[in-house]
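Some notes on the structure that comes next.
Fair warning: this is a prediction, and the values are worked out from it, not measured in the lab. Just so it is clear: chains get the letters A, B, ... in the order the sequence lines come, proteins before strands, and each one is counted from 1.
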Protein chains: 2
Amino acid sequence: MFVDPLVSFPGYALRRASAASMARLSRELTTVKLRPSEATILLVIESNPDITQSEIGQALDIAGANMAPLVGRLAERDLIERRPVDGRSQGLRLTDSGRTLTQRVKRIIQIHENALLAKIPRAQRTLFLECLRALYTDLLP
Amino acid sequence: MFVDPLVSFPGYALRRASAASMARLSRELTTVKLRPSEATILLVIESNPDITQSEIGQALDIAGANMAPLVGRLAERDLIERRPVDGRSQGLRLTDSGRTLTQRVKRIIQIHENALLAKIPRAQRTLFLECLRALYTDLLP
DNA sequence: TATTGTTATACTCTATAACTATA
DNA sequence: TATAGTTATAGAGTATAACAATA
């Protein structure tokens with residue numbers, strides 16, 4: 001009989017749940033040819049026109065060195081445009097085709113998140129989300 | 001003012017919480033020069049002597065192609081030994097040095113998991129773990 | 001000096017395909 | 001035929017170091 005020494009560990013359960021969710025989201029996003037990180041960035045730009053990529057990086061905890069190629073790909077596909085704010089910063093905005101694609105992304109993510117919520121008892125949902133946020137807001141490496 | 005379109009999404013919170021937890025665990029495991037996946041495999045072998053690597057893969061949801069190099073590195077470091085069961089399967093066991101290192105790994109993981117639990121209200125812990133397990137047990141991609 | 005953005009590089013985990021040897 | 005294990009390769013996220021240009 002198999003003995004699982006990990007069943008009572010929240011960190012391990014967190015890892016497995018996140019991996020399952022991300023694998024599913026990745027597959028769902030293939031229809032718009034976006035990675036999860038790219039889709040997330042589009043949503044943030046839509047809600048925050050003229051945000052800079054360093055501000056996005058701070059909000060999503062993505063290092064600057066990793067933001068550059070992500071934003072670069074979105075710009076190359078004409079989903080976003082970069083408008084110089086000063087000599088070194090650029091405000092980011094969705095283009096028309098970026099806006100159109102972002103609407104599709106929002107539907108995909110909404111369906112995805114609903115599928116997750118369906119697994120969580122309704123009475124637990126708010127507390128569950130609060131526990132997750134507590135884990136990533138002040139869990140310094 | 002920054003607007004965060006992701007705050008109410010459990011999938012996004014899951015991703016961030018898992019990433020924070022794994023970054024922390026990775027750093028904590030540098031003292032034993034193990035990756036999180038390698039440390040996890042050691043714990044499973046300790047609790048299940050003579051388990052095969054395909055059985056470990058099924059339990060941890062790690063593809064066979066990815067198990068091979070993980071187990072290979074542990075064997076190369078003489079932390080585990082492979083005993084042929086039949087012509088194609090090998091039972092895995094900890095060596096003496098593997099057993100010693102696994103005790104250190106268990107302490108590291110216990111401290112890590114306690115740090116996570118400290119962020120979760122005591123009354124929520126069981127339900128929180130059940131929600132996470134519900135997410136990864138039947139959330140097929 | 002500090003910040004923005006960039007390039008290069010490496011590590012970890014995951015995914016697919018193709019192959020062998022054995023059951 | 002199906003399974004156990006392996007190899008090669010690629011994609012995705014993340015990390016550090018170094019750099020140029022600008023504030």
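- A distance of 7.5 Å separates OG of A/S21 from CG of B/L135, quoted to the nearest 0.5 Å.
- The environment of B/E76 atom CD is sparse: at most 12 non-hydrogen atoms of other residues, nucleotides or ligands sit within 6.0 angstrom.
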Side-chain donor-acceptor pairs under 3.5 Å in residues 58-68 of chain B, sequence neighbours left out?
none

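- When the C1' atom of D/dA12 is taken as reference, atom CD1 of A/I41 falls 13 Å away, rounded to whole Å.
- Heavy-atom distances under 4.0 Å link DNA chain D to B/G64, B/A65, B/A68 of residues 64-74 of chain B, given in residue order.
- Residue B/E55 contributes atom CD, which lies 14 Å from atom P of D/dT3 at whole-angstrom precision.
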Under 3.5 Å between N/O atoms: give me all the protein pairs with nucleotides 19-22 of chain D, atom names plus distance.
residue: D/dT22; atom: O2; partner: A/R88; partner atom: NH1; Å: 3.1

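- Nucleic acid contact for A/S26: none, since no nucleic acid atom lies under 4.0 Å from a heavy atom of the residue.
- A salt bridge is absent between B/R83 and B/D50: the closest approach of a Lys/Arg side-chain nitrogen to an acidic carboxylate oxygen does not fall below 4.0 angstrom.
- In this structure, CG in A/L42 is found 5.0 Å from CG in A/L74, a value given to the nearest 0.5 Å.
- Between B/Y12 and A/Y136, the two ring planes are perpendicular [angle over 60°; tilted spans 30° to 60°].
- Each of A/M22 and A/A63 has a nearest nucleotide on DNA chain D; the 5'-most of these lies closest to A/M22.
- The pair B/E38-B/R73 meets the salt-bridge criterion, with a side-chain N (NZ, NE, NH1 or NH2) lying under 4.0 Å from an Asp/Glu carboxylate O.
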